[in-house]
K.L.:
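Structure incoming, see below.
Lettering of chains follows the sequences in order, A, B, ..., and the numbering in each one begins at 1.
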Amino acid sequence: MLGGVAVHQQVRAWFRESARDLPWRGGCSAWGVLVSEIMLQQTPVVRVQPVWEQWMSRWPTPASFAAESQGEILRAWGRLGYPRRALRVHAAAAMIVEQHDGEVPDTFEALLTLPGIGTYTAAAVAAFAFGRRETVVDTNIRRVHARLVIGQALPAPTLTAAEMKLAADLLPHDPAESVEWNAAVMELGALVCTARSPKCGLCPVRTECAWIAAGQPEPTYMPKGQPWAGTDRQVRGAVMAVLRAADAPIHADLLWASDTELATTAPLAHPAEVATALGKLHDLNTQAPQLERALAGLLADGLAQLSDDGYHLPH
DNA sequence: AATTCGTGGTG
DNA sequence: TCACCAAGAAT
């Protein structure tokens with residue numbers, strides 16, 4: 001399989017030499033690994049790390065975290081994005097307390113039952129927190145495999161069974177080696193075999209790479225973009241920023257306010273940050289139906305609540 | 001299977 | 001500048 005043990009040794013040697021010193025690697029609690037993995041879903045390391053540090057200092061155990069209010073957790077989540085993840089960690093912590101005596105479960109199957117934990121995260125926690133031999137497949141590993149083994153610039157648009165089989169076939173038999181292999185391939189994808197402008201000159205296995213051997217062919221499909229301007233997501237994000245900044249309910253009129261007077265005077269009852277966040281929301285010039293849709297979505301997802309005094313984070 | 005769900009750095 | 005992209009999950 002792909003040059004026998006040579007590729008594995010080269011990648012793992014590169015990892016030991018070049019890996020970033022991330023705080024959730026080595027000696028970290030399983031809870032810390034779990035939190036890091038959920039924060040890292042679709043969010044870069046550099047933005048996760050400072051928030052993760054604060055969380056570990058503030059809530060060192062699932063029980064301490066489960067006892068916190070959802071609103072405080074959403075504020076602490078800050079601008080990491082996809083705030084529903086914060087609520088899912090909270091629900092997962094509650095399940096860990098209730099069903100697992102406060103200890104993060106140590107098997108793929110048990111982890112998979114927790115909210116916010118899918119196949120990738122369950123495998124990653126089982127491997128990196130408990131040393132288990134798991135087939136870990138994230139976007140970095142998919143891309144490295146696509147290039148190194150298949151010879152394509154990018155993996156398929158969606159994860160396929162063939163990719164899972166390839167990853168399973170490449171996984172070293174020894175558990176300890178498999179854990180390092182998973183981390184090493186992921187790190188190679190993050191630092192060298194990147195999506196745009198890969199640093200092939202620094203790659204430890206460039207001489208074994210099927211993509212380089214094939215002359216680095218272009219992607220065979222158009223990566224579908226992620227529209228942002230004018231979307232409901234943009235409005236939801238702007239509303240959430242207002243609610244995070246507020247220490248009291250925000251009256252609905254403020255969210256809709258387009259006239260300068262209301263938008264600048266009424267927020268004075270709130271911290272200055274609220275006025276800033278409201279200004280950004282109003283700058284979007286959102287049409288009423290879209291704002292209503294965004295608010296309804298936030299309520300449905302439990303990210304916001306509506307009382308007589310207005311919208312606020314959940315208690 | 002295709003959508004939805006935030007945010008900010010960057011080539 | 002602006003489209004692309006990031007340790008995905010849920011539906």
K.L.:
Hydrophobic cluster membership, with links at side-chain heavy-atom distances under 4.5 Å among I/L/V/M/F/W/Y: are Leu114(A) and Val97(A) in one?
P.N.:
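The answer is no; the residues belong to distinct hydrophobic clusters.
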
K.L.:
How would you list, by chain and number, every residue that makes a ring-ring contact (aromatic ring centres under 6.0 Å, His included) with Trp77(A), sequence neighbours excluded?
P.N.:
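If we apply the ring-ring contact (aromatic ring centres under 6.0 Å, His included) test to Trp77(A), skipping adjacent residues, the hits are Trp55(A).
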
K.L.:
For Val136(A) and Ala127(A), work out which heavy atoms get closest and say how close.
P.N.:
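What the structure gives for the nearest pair is CG2-CB, 4.1 Å.
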
K.L.:
Decide if atom CD of Gln9(A) counts as having more than 12 heavy atoms of other residues, nucleotides or ligands within a radius under 6.0 Å.
P.N.:
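Atom CD in Gln9(A) is packed in, count exceeds 12.
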
K.L.:
Which residue, Asn140(A) or Met222(A), contacts DNA chain C at a nucleotide closer to its 5' end, judged by nearest heavy atom?
P.N.:
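The answer here is Met222(A).
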
K.L.:
What are the bounds, 5' to 3', of the part of DNA chain C that sits under 4.0 Å from heavy atoms of chain A?
P.N.:
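So the contact region on DNA chain C extends dC4(C) to dA10(C).
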
K.L.:
Are Pro198(A) and Arg147(A) side-chain neighbours, meaning at least one heavy-atom pair lies under 4.5 Å?
P.N.:
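With C-beta onward as the side chain, the pair touches.
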
K.L.:
Between Arg16(A) and Glu180(A), is there a salt bridge with N-O shorter than 4.0 Å?
P.N.:
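Arg16(A) and Glu180(A): salt-bridged.
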
K.L.:
In residues 68-87 of chain A, which ones come under 4.0 Å of DNA chain C, going by heavy atoms?
P.N.:
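Result for residues 68-87 of chain A: none.
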
K.L.:
Can you check the distance between dA9(C) and dG8(B), where both ends of the measurement are the P atom (answer in whole Å)?
P.N.:
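That atom pair is separated by 23 Å.
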
K.L.:
What residues in residues 233-243 of chain A put a non-hydrogen atom under 4.0 Å from any atom of DNA chain B?
P.N.:
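Those residues are Arg233(A), Arg236(A), Gly237(A).
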
K.L.:
What does Ala124(A) touch in the nucleic acid at a heavy-atom separation under 4.0 angstrom: a base, only the sugar-phosphate, or nothing?
P.N.:
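No contact at all - Ala124(A) keeps every heavy atom at 4.0 Å or more from the nucleic acid.
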
K.L.:
Rounding to an integer number of angstrom, what distance separates dT3(B) and dC4(C) when you compare their P atoms?
P.N.:
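Rounded to whole Å, the distance is 16 Å.
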
K.L.:
Could you check how far CG of Leu191(A) sits from P of dT10(B), rounded to whole Å?
P.N.:
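Interatomic distance, CG of Leu191(A) to P of dT10(B): 14 Å.
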
K.L.:
List the atom of His315(A), the atom of Ser69(A), and the distance in Å for their closest heavy-atom pair.
P.N.:
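Minimum heavy-atom separation between His315(A) and Ser69(A): C-CB, 3.8 Å.
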
K.L.:
List in numerical order all residues of residues 293-304 of chain A for which some heavy atom is under 4.0 Å away from an atom belonging to DNA chain C.
P.N.:
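DNA chain C contact set from residues 293-304 of chain A: none.
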
K.L.:
Under a 4.0 Å N-O cut-off, is there an ion pair linking Arg133(A) with Asp174(A)?
P.N.:
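Here Arg133(A) does not pair with Asp174(A) in a salt bridge, since their nearest N and O are not under 4.0 Å apart.
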
K.L.:
If only side-chain N and O atoms count, and only distance matters, is there a donor-acceptor pair under 3.5 Å linking Arg85(A) with Thr43(A)?
P.N.:
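Arg85(A) and Thr43(A) do have a side-chain donor-acceptor pair below 3.5 Å.
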
K.L.:
Enumerate the residues from residues 18-42 of chain A whose closest heavy atom to DNA chain B is under 4.0 Å, giving them by residue number; use none for an empty result.
P.N.:
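Contacts with DNA chain B under 4.0 Å: Gln42(A).
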
K.L.:
Is the closest basic N to carboxylate O distance between Glu187(A) and Arg25(A) below 4.0 Å?
P.N.:
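Judged by the 4.0 Å cut-off on N to carboxylate O distance, Glu187(A) and Arg25(A) do form a salt bridge.
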
K.L.:
Classify the angle between the aromatic ring planes of Phe65(A) and His90(A) as parallel (below 30°), tilted (30 to 60°) or perpendicular (above 60°).
P.N.:
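Phe65(A) vs His90(A) ring planes: perpendicular.
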
K.L.:
If you measure from the P atom in dA7(C) to the same atom in dC5(B), how many Å do you get, rounded?
P.N.:
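The same atom, P, in both gives a distance of 23 Å.
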
K.L.:
Using 4.0 Å as the upper bound for N to carboxylate O, is an ion pair formed by Asp169(A) and Lys165(A)?
P.N.:
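Looking at Asp169(A) together with Lys165(A), the answer is yes, because their closest N to O distance falls below 4.0 Å.
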
K.L.:
Distance check needed: dG6(B) C1' versus Lys280(A) NZ, whole Å only.
P.N.:
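To the nearest whole Å, that distance equals 14 Å.
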
K.L.:
Closest nucleotide of DNA chain B for Thr158(A) versus for Val46(A): which of these residues is on the 5' side?
P.N.:
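That would be Thr158(A).
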
K.L.:
Please check if Leu291(A) and Leu306(A) belong to a single hydrophobic cluster, counting links between Ile, Leu, Val, Met, Phe, Trp and Tyr side chain heavy atoms closer than 4.5 Å.
P.N.:
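Result: yes, single cluster for both.
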
K.L.:
Answer yes or no: is there a donor N or O on one side and an acceptor on the other, between the side chain of Asn182(A) and the main chain of Glu134(A), under 3.5 Å?
P.N.:
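Indeed, once roles are kept as given, a pair shorter than 3.5 Å links the two residues.
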
K.L.:
Less than 4.5 Å apart, any side-chain heavy atom of Arg236(A) and any of Leu295(A)?
P.N.:
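No, every pair of side-chain atoms sits at 4.5 Å or beyond.
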
K.L.:
Spell out, yes or no, whether Leu40(A) and Met56(A) are grouped together once hydrophobic residues are joined by side-chain heavy atoms under 4.5 Å, including indirect joins.
P.N.:
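Same cluster.
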
K.L.:
Pick base, sugar-phosphate or nothing for Thr139(A), based on heavy-atom distances below 4.0 Å to the nucleic acid.
P.N.:
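Sugar-phosphate contact only - Thr139(A) comes under 4.0 Å of backbone atoms but never of a base.
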
